[in-house]
2 protein chains.
Amino acid sequence: MKLNSEQINQKLKDAGLKVTPQRHAILEAVCRLGNHPTADMVIDYIRRTHPGIATGTVYKVLDTLVDNHLVRRVKTDKDAMRYDAIMESHHHIYCAETERIEDYFDKDLDEMLQAYFQKKNLHNFKIEGIFLQINGNFNDNSK
Amino acid sequence: MKLNSEQINQKLKDAGLKVTPQRHAILEAVCRLGNHPTADMVIDYIRRTHPGIATGTVYKVLDTLVDNHLVRRVKTDKDAMRYDAIMESHHHIYCAETERIEDYFDKDLDEMLQAYFQKKNLHNFKIEGIFLQINGNFNDNSK
DNA sequence: TCTTATATAGGAATTACTCTTATTTAAGAA
DNA sequence: TTCTTAAATAAGAGTAATTCCTATATAAGA
Ligand SMILES: [Mn+2]
Ligand SMILES: [Mn+2]
Ligand SMILES: [Zn+2]
Ligand SMILES: [Zn+2]
């Protein structure tokens, strides 16, 4: 989560992508903003330091980052897509009312699910990932 | 899934909703179309028998049906929301490439998850539902 | 340094969805 | 059955979110 400038560049390189200031800024923004920002939030954040960036560039780079597994999409009931720079396996706790999304890491759960579906064997489907969306309401509104 | 006209009306009534031709047609369309149609697909389908229906009405009614638990939203990596008239607990198998979504019913899995989270107890979050999105690729392109 | 495939800027275009207001209607009351 | 009225719909303008196009710029390998 707390990647320095060099680590961000390295991630891009490792993915076989050209390192550009735009890609750097966008990946950094998704990391830094946390809480699963929308494209629009990314744009607002980036323009503070990088005023000229084009809207289309942000969308295109986000797609590229998703395709190259540096970022993932997080879907909610609302219209706008949200993005997540945490690529370690984790799930999402989501409150539709407040649009708040919290990460949920649970190794035991992941192992349980993996074991379950190994046994189950969905014929004619190759599983690439299993994600849980846990819907409900947060009791407090802290954080 | 194979609801007749009367059953559709009954569902609306049971939810405490006024029965209107538009609501009837929209709920029927989501049932009949299956495969998690977009609002646009619902509009196209309905206009064949019900040419005058307004776009805004379809979106509004879909919202109403979701709020009253007669339909649920299904989100994918693409921009457009999709809808599902199957309200029994089930999960989704999703291929991002083809945008195909298959329903996945699994009582054992549901019980396992429920038991797991009962024990786990996410403090400060009231769970309303847990949905799995199983991402990957279908081997065949049948169906 | 040169080359070139790739990426970005700029902005128009499109899609998906939302909102507003006048009109209509479902369904309970009389 | 007719009346009443809160709620629903039509129509279409408006907005948000995303995509697309093309000229220009740039990263990075040769
Ligand atoms: Mn979603
Ligand atoms: Mn949209
Ligand atoms: Zn996350
Ligand atoms: Zn379904």
Side-chain angles (χ1 to χ4, degrees), chain A residues 5-6 8-27 29 36-47 49-68 70-71 73-83 96 99, chain B residues 5 8-27 29-30 36-47 49-68 70-71 73-83 96 99:
Chain A
S5 197
E6 202 38 62
I8 288 172
N9 284 344
Q10 197 54 53
K11 282 210 167 205
L12 291 167
K13 268 183 204 157
D14 290 349
L17 296 172
K18 275 190 192 171
V19 177
T20 67
Q22 293 84 350
R23 284 175 173 171
H24 183 108
I26 290 163
L27 180 52
H36 313 92
T38 60
D40 214 50
M41 288 162 162
V42 170
I43 290 169
D44 286 350
Y45 180 85
I46 289 179
R47 289 225 169 114
T49 53
H50 203 291
I53 199 162
T55 305
T57 300
V58 174
Y59 280 98
K60 190 156 190 316
V61 167
L62 285 170
D63 282 352
T64 303
L65 296 177
V66 169
D67 290 347
N68 291 89
L70 296 177
V71 156
R73 280 187 242 273
V74 179
K75 305 138 209 168
T76 73
D77 283 2
K78 293 283 177 60
D79 190 28
M81 188 62 69
R82 294 173 69 171
Y83 296 88
E99 280 291 287
Chain B
S5 196
I8 288 171
N9 285 343
Q10 197 55 50
K11 282 210 168 206
L12 292 167
K13 268 183 203 156
D14 290 349
L17 297 172
K18 276 190 191 173
V19 176
T20 67
Q22 292 85 349
R23 284 174 174 173
H24 182 108
I26 290 163
L27 181 51
V30 180
H36 314 89
T38 59
D40 215 50
M41 288 162 161
V42 169
I43 290 170
D44 286 349
Y45 180 84
I46 289 177
R47 289 226 168 112
T49 53
H50 203 292
I53 199 164
T55 304
T57 300
V58 174
Y59 281 99
K60 192 158 189 309
V61 167
L62 285 169
D63 282 353
T64 304
L65 296 177
V66 169
D67 290 347
N68 291 89
L70 296 177
V71 156
R73 279 187 243 273
V74 180
K75 250 294 202 171
T76 72
D77 284 2
K78 293 283 176 60
D79 190 30
M81 188 63 69
R82 294 173 69 171
Y83 295 88
E99 279 290 287

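Bear in mind the structure is a predicted one, so any value in this text is a computation, not a measurement. Lettering of chains follows the sequences in order, A, B, ..., and the numbering in each one begins at 1.
- Between B:R82 atom CZ and C:dT15 atom P the separation is 18 Å, expressed in whole Å.
- Side-chain nitrogen and oxygen atoms of B:T20 include none within less than 4.0 Å of the OP1 or OP2 phosphate oxygen of C:dT25.
- Here C:dA27 presents its C1' atom at 12 Å from CZ of B:R23, a figure rounded to the nearest Å.
- In terms of heavy atoms, A:L70 sits closest to A:L27 at O-CD1, 4.0 Å.
- A:G56 comes within 4.0 angstrom of a base, heavy atoms only.
- In this structure, B:I43 places its CD1 atom 14 Å from P of D:dA11, rounding to the nearest Å.
- Separating the CG atom of B:D40 from the P atom of C:dT14 is a distance of 15 Å, rounded to the nearest angstrom.
- Of all nucleotides listed (C:dT8, C:dA9, D:dA11), D:dA11 comes nearest to the side chain of B:A54.
- Atom CD1 in B:I26 sits roughly 12 Å away from atom C1' in D:dA10 (whole-Å rounding).
- Nearest approach of B:R47 to B:A54, heavy atoms of both residues: NH2-C, 4.1 Å.
- Contact between B:A96 and B:K78 at its shortest, heavy atoms only, is O-NZ, 4.5 Å.
- Considering only side-chain N and O atoms, B:Q22 lies under 4.0 angstrom from the phosphate OP1 or OP2 of D:dA10.
- Screening A:V58, A:I53, A:I46 against A:Q22 for a side chain to side chain contact (heavy atoms under 4.5 Å, CB included) leaves a single residue, A:I53.
- Per the geometry, NZ belonging to B:K60 stands 17 Å off P belonging to D:dA11, to the nearest Å.
- For A:Y59 and D:dT19, the shortest distance from a side-chain N or O to OP1 or OP2 is not below 4.0 Å.
- Toward the 5' end of DNA chain C, the nearer of the two residues B:D79 and B:K18, judged by each one's closest nucleotide, is B:D79.
- Rounding to whole angstrom units, CD1 of residue A:I53 and P of D:dT26 are separated by 13 Å.
- The two residues B:E99 and B:R82 come nearest to each other via the heavy atoms O-NH1, 2.7 Å.
- Residue order along DNA chain D, read from the 5' end via each residue's closest nucleotide, puts A:D63 first among A:L17 and A:D63.
- Going from atom CG of B:D77 over to atom C1' of D:dT19 covers 16 Å, rounded to whole Å.
- Heavy atoms of B:P51 sit nowhere under 4.0 angstrom from any nucleic acid atom.
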